[in-house]
Amino acid sequence: MEEGGTVTGMHIGYDLSFTHTEGAWARQGSWVGLDFPDVRMFMELARTAERAGVGMLFFGDGSGIPSTWRGSIEPAVEWGIQWPRHDMSPVIAAMSTVTERIGFGLTYSSTFMHPFYVARLLNSLDHVTRGRIAFNVVASTRGADAANYGFGELMDHGLRYERMEEFIAVCRALWDSVAPDAIVRDRSTGRFADPAKVRPIDHEGRFFTVKGPLASVPGPQHHPLIVQAGNSPRGIAASARFADLVFGFGGSLTAQQRHRELLDEALLAEGRDPDRMGILWATQVIVGRTTAEARARRDSVHEFWNEEAVATYLSHNAGYDLSTLPHSFRLAELRDELVAANASPAGLVASLIAEFGEDHTMSRAEFFTHGRGRATGLDHSVVGDPATVADALQENFAATGSRGGYMISSPLAMPSGLTEIGELLLPELRRRGALAPAPTGATLRENLAV
């Protein structure tokens, strides 16, 4: 990130979305005596991450069991693909009680949720965490989630982002509906608050009608930090309108640079300074004391992934039943079919088009072979000893604008995969002067501000 033209170094977050799925719960180095969702696992990890200087612990979310592949939940249940997933808000509350500075990112879907509920919950969490909460708002692409909220089908891609923008506008209006100085607490008169500073929002929009005001005391940050991850042109436009921080997809440097370029253009169009907006690139890391040790850990991840597990993962995340793929097809045809079905062409399909071109013809077998790398994340992982991984991150950070940092995940067991990142990689980056200063501010907004 930059401030006043000076590079301050990369910020580091840990992505804890899948610490216990896809076989991670059984791998060497997993907890002994504790199993998900025991909150003690997360409380201990929060302590060690804070000591390592990590700025934020991030939880993605999905509320449905994957059922897109052949219309059944059975493969996902059998192999633990993208499930179980709990609402992590109470876990965040618990982690905040044993830490002082580290922040927490919580995900909710603007496609399905109501803004009044989310604004109220996040306000409460902002108090519990003492100003260390971030809201990762997502436009959902998964049919399994939609069915749990009474949606027969997903709404159109563009419409999902229109709803997201109105959702955030309502949340912000609710957070502003009680002024920061509205609370008087005058013990001599018994007067609690100034009525002139607590006002309804009277919102009537395309998707929501909300009276307001929010029946809550303003939080330490007033507005929780807003994170948004859309990398389509429409998603990037939404980020430029309201996000404080962007969660970007790692992997292809060309795609990352294109995302940064489009975001900068969109920010300028919104009258915002691109130098004030960071991107945390989703990056899977496997580090060992030696390169050979790191590679052995990488290879161990492959052992879990059978073809059914791969297909279940890919279909769920695309929102499209890939069992219907023909024997061979052009990548452009598959992309267009996904878009027509209101599914997501991001991820594997987008990366294949970037690598081979949209006119490339691919067999079904080749597609799933490439898909194994996407499902494991090993096709875009950084693997090696601390110096090798640090070299790669520094080079990528410079090539993508030196604004933001990395949201690091590990396919290894919890806690060992992330603990070793904190013990091996982060000290190497700090020794090089590559990291942003450890969090010292009172709020997450201060600590991650550009």
Is there a side-chain contact between [X] and [Y] in this structure, where contact means two heavy atoms from C-beta onward sitting under 4.5 Å apart?
X	Y	value
P220	H127	yes
R289	D385	no
T48	P415	no
W25	S30	no
L378	Q284	yes
H316	W83	no
R27	V301	yes
F116	L174	yes

Rounded distance [0.5 Å steps], [atom1] in [X] versus [atom2] in [Y]:
X	Y	atom1	atom2	answer
H222	R445	NE2	CZ	10.0 Å
I408	M10	CD1	CE	8.5 Å
R132	M56	CZ	CE	13.0 Å
L121	D87	CG	CG	7.0 Å
L444	D244	CG	CG	9.5 Å
F18	R85	CZ	CZ	4.0 Å

Tested for ring pair (Phe, Tyr, Trp, His ring centres under 6.0 Å) against F58, the lone hit among Y14, Y406, F247 is F247

Given the rule in the side chain to side chain donor-acceptor pair (under 3.5 Å) test, do T443 and E446 qualify, once you have shown the distances and angles that lead to the verdict? CA-CA 5 Å; T443 68; E446 292 175 62; 3.3 Å; yes

For residues 432-441, pull every pair meeting side chain to side chain donor-acceptor pair (under 3.5 Å), keeping only residues two or more places apart or in separate chains. D391-R432, Q394-R432, E428-R432

side-chain contact (heavy atoms from CB on, under 4.5 Å) for H370 and F356? Distances and angles first, verdict last. CA-CA 12 Å; H370 286 290; F356 298 107; 3.8 Å; yes

Run the side-chain contact (heavy atoms from CB on, under 4.5 Å) check on N136 and D61 step by step: do they pass? CA-CA 10 Å; N136 178 50; D61 196 20; over 6 Å; no

Could you label the plane-to-plane angle of the [X] and [Y] rings as parallel, tilted or perpendicular, counting under 30° as parallel and over 60° as perpendicular?
X	Y	value
Y313	W305	perpendicular
H223	W175	tilted
F208	H114	perpendicular
Y108	F135	tilted

Report yes or no: does [X] contribute a side-chain atom to a donor-acceptor pair with the main-chain N or O of [Y] at less than 3.5 Å?
X	Y	value
R163	S110	yes
R276	D273	no
T99	A46	no
D15	M407	no
Q82	T21	no
S177	L214	yes
H11	G278	no
S381	G377	yes
T107	F59	yes
R430	A52	yes

If every non-hydrogen atom of [X] is compared with every non-hydrogen atom of [Y], which pair is closest and at what distance?
X	Y	result
S410	G417	OG-CA, 3.5 Å
V382	T283	CG2-CG2, 3.9 Å
A294	G288	CB-N, 3.6 Å
F249	A229	CE1-O, 3.6 Å
I65	A144	O-CB, 3.3 Å
P274	L267	CA-CD1, 3.7 Å

Using a strict cut-off of less than 4.0 Å between a Lys/Arg side-chain nitrogen and an Asp/Glu carboxylate oxygen, indicate whether [X] and [Y] qualify as a salt bridge.
X	Y	answer
D194	R191	yes
R403	D264	yes
R206	E166	no
D202	K211	yes

With sequence neighbours excluded, tell me which residues meet salt bridge (charged side-chain N to carboxylate O under 4.0 Å, His left out) with R295. none

Sorted by chain and number, sequence neighbours left out, ring-ring contact (aromatic ring centres under 6.0 Å, His included) with H302 holds for none

Steps toward side-chain contact (heavy atoms from CB on, under 4.5 Å) verdict (M164, V137): CA-CA 8 Å; M164 177 187 283; V137 59; 3.9 Å; yes

Which pairs with one or both residues in residues 91-120 pass salt bridge (Lys or Arg N to Asp or Glu O under 4.0 Å), sequence neighbours excluded? E100-R130

Here the salt bridge (Lys or Arg N to Asp or Glu O under 4.0 Å) pairs for residues 404-415, sequence neighbours left out, are none

Pick from I286, T376, L412: which one makes a side chain to side chain contact (heavy atoms under 4.5 Å, CB included) with R298? I286

Assess whether side-chain contact (heavy atoms from CB on, under 4.5 Å) is satisfied between H20 and H86, documenting all intermediate values. CA-CA 11 Å; H20 54 279; H86 287 218; over 6 Å; no

Applying ring pair (Phe, Tyr, Trp, His ring centres under 6.0 Å) as the test, list every pair that has at least one member in residues 251-272; sequence neighbours left out. H259-W281

Run the numbers on R47 and E44 for salt bridge (Lys or Arg N to Asp or Glu O under 4.0 Å), then give the verdict. CA-CA 5 Å; R47 292 189 192 99; E44 184 171 334; 5.4 Å; no

Atom CD of E395: over 12 foreign heavy atoms under 6.0 Å: no

